[in-house]
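Below: the structure, in structure tokens.
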Amino acid sequence: MTNSSLNTQTNQADGTAAAGVPEPGFAPDLLIGIDRGRRDLRAQLERGLRDAIQDGRLPVGTVLPPSRTLARELSLARSVVVEAYSQLAAEGYLHSRQGSATRVRAARSDPPHHRNAASEQPSSVSDIFQTSLPDQGSFDTPTQRHGRGIRLTSGGLPDPASFPRQAWLRHYRAVLTDQPDASFRYPQPQGTFELRQALAGHLGRVRAVRTTPDQLLICSGFAQGLSLVCGVLRSRGVTAVAVEDPCFSYHRRLIRAAGLQPIHVRVDEEGLDVAELADRAVGAVLLSPAHSYPTGAVLSADRRAQLLDWARTADALIIEDDYDAEFRYDRTPIGTLQGLAPDHVIYGASTSKILTPALRLGWLVVPEHLLGDLLAAKALHDLGTETFGQLTLARFVESGDLGRHLRRMRPVYHARRDALVDAFATHLPDAAPAGVAAGLHLFIRLPQDCDEGALVQAAARHGLHVEGAARHWADPRAAPPALVIGYGALHETGAARCVAALAAAYADCARP
Ligand SMILES: Cc1ncc(COP(=O)(O)O)c(C=O)c1O
């Protein structure tokens with residue numbers, strides 16, 4: 001391990017940036033550990049800088065050395081530093097504009113405060129229990145033979161055939177063999193310490209989440225976590241929660257079922273429109289900044305900064321649904337908002353995309369001021385999540401099997417996505433895949449005059465079951481025509497055949 005020093009300059013008293021070049025004799029004030037024996041030099045540098053910003057060693061406004069200088073200082077290729085800066089800028093930690101110095105944008109979070117997340121809620125409660133059960137279509141196997149056809153619905157689930165059965169069985173067997181009789185009592189409502197500890201380490205490493213095992217709450221998928229959060233918010237006087245428009249329609253129904261009103265805020269290419277959010281009287285916002293569902297937009301660095309400002313100013317809560325961030329194919333995934341402002345963000349994720357939704361294992365990282373209420377709600381809800389699946393997952397994470405599984409699946413899903421995008425370019429160029437290269441679903445924009453419902457029906461006649469995107473909009477009638485295609489289980493060799501069938505259906509619809 002080699003420790004290299006990183007000289008930095010802070011802002012001048014007049015607020016202007018210093019030149020950004022470390023002055024001779026400037027005391028080294030930050031040590032970044034770079035292990036040159038490893039291949040992940042960029043990841044190490046990113047982590048070192050992110051940690052330094054999070055723990056305050058690099059305060060807001062600090063000017064970082066130009067990439068060339070830092071590269072020389074650390075004996076790294078300049079491209080490594082440029083990529084690390086660019087990643088941290090995308091995550092909202094750094095601010096860089098062409099021609100000016102790179103500086104720290106967001107620092108460690110505010111000191112913890114214990115105010116009610118949104119006690120001054122003016123609006124009234126409405127729309128209680130308007131929910132119905134989720135459509136079966138949303139929860140079927142992602143790609144399966146369906147009667148005479150192929151089903152590409154489900155909004156993007158992992159390939160069930162890729163579930164690591166052997167490794168899971170091995171860990172499950174070890175758990176059942178090793179556990180003392182005491183483990184066969186009711187579970188701890190917060191979740192087993194083993195899983196919380198494993199996840200705290202994993203999330204810190206992989207998603208830049210800032211947590212200890214004590215802040216983690218294990219739940220039955222993100223769905224239960226969100227439901228519990230809504231219940232607690234409601235008990236604290238919150239009446240409305242902002243959601244992305246469009247968003248996963250099931251979450252909207254779930255929010256209503258919890259007695260809260262979903263308030264819809266537009267999503268564009270830069271993610272949630274924070275200016276529109278700021279005009280709404282809401283106590284919390286639910287969003288997926290790393291990969292908005294279903295459009296595939298990523299919250300831009302500027303919007304991330306605006307959103308955190310909004311949460312701090314409005315004393316509101318951000319609920320970060322990090323459902324598929326492990327699968328980013330064109331670059332390193334964007335780090336979490338939670339890492340930038342742990343006191344204002346509830347972070348949530350689950351095994352549903354990385355392994356399988358069948359496990360029903362999810363987790364929340366909760367700010368201290370909400371933890372007690374959420375634990376009470378969880379205990380009341382179901383007396384805790386099943387123990388042995390949790391312990392198995394803990395071993396799966398700690399043994400490195402989860403990391404191996406993700407490294408194995410990323411290129412597989414990437415190839416399936418590329419094949420699908422290529423198939424659209426070849427067979428149905430009128431339809432445009434949108435969103436970043438990530439996740440397990442593809443959002444397909446259709447021409448404005450295409451009748452989405454008619455196309456879905458025509459596709460079924462050609463043996464292809466696809467999902468229209470309209471139901472994910474607040475007002476499905478006003479939604480632009482689009483499809484959501486889950487490709488987790490769609491092998492490259494099948495992509496062209498599926499899109500050719502869709503193109504035939506499209507041609508049927510166009511016929512007078
Ligand atoms: C947007 C979004 N968030 C979260 C999830 C995961 O939910 P759960 O953990 O309850 O299975 C999904 C699953 O499809 C999803 O589409």
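Quick note: numbers below take in every heavy atom, side chains included, and nothing from hydrogens, waters or symmetry partners. Read the numbers this way: they start at 1 and go in the same order the structure lists the ligands and their atoms.
Ring centroid separation for the pair His472 and Tyr293 comes in under the 6.0 Å cut-off. Taking the centre of each ring, His441 and His291 come in below the 6.0 Å mark.
Between Arg360 and ligand 1, an N or O atom pair is found at a separation short of 3.5 Å. On a distance-only criterion, Ser352 and ligand 1 share at least one N/O pair closer than 3.5 Å. Residue-to-ligand polar distances place Asp321 within reach of ligand 1: an N/O pair is separated by less than 3.5 Å. For ligand 1, the polar-atom distance check against Gly221 finds no nitrogen or oxygen pair separated by under 3.5 Å. For the pair Ala223 and ligand 1, the shortest N or O to N or O distance falls below 3.5 Å. Residue-to-ligand polar distances place Ser350 within reach of ligand 1: an N/O pair is separated by less than 3.5 Å.
Asp382 meets the salt bridge (Lys or Arg N to Asp or Glu O under 4.0 Å) test with Lys378; sequence neighbours excluded.
For Glu194 and Arg395, the salt-bridge test fails: no basic side-chain N is under 4.0 Å from an acidic carboxylate O. With respect to the salt-bridge test (charged N to carboxylate O, under 4.0 angstrom), the residues Arg445 and Asp430 do not qualify.
Under 4.0 Å from ligand 1, heavy atoms of Phe222 appear from its side chain as well as its backbone.
Shown here for His369 and Arg236, the closest heavy-atom pair between the two residues is O-NH2, 2.8 Å.
Judged by the shortest distance from any of its heavy atoms, His441 lies outside the 4.0 Å radius around the atoms of ligand 1. Within the 4.0 Å heavy-atom shell around ligand 1 one does not find Gln224.
Under the ring-ring contact (aromatic ring centres under 6.0 Å, His included) criterion, the residue pairs touching residues 187-244 are Phe222-His251, with sequence neighbours excluded.
Close approach of ligand 1 to Tyr293 (heavy-atom distance below 4.0 Å) involves ligand atoms 1 (C).
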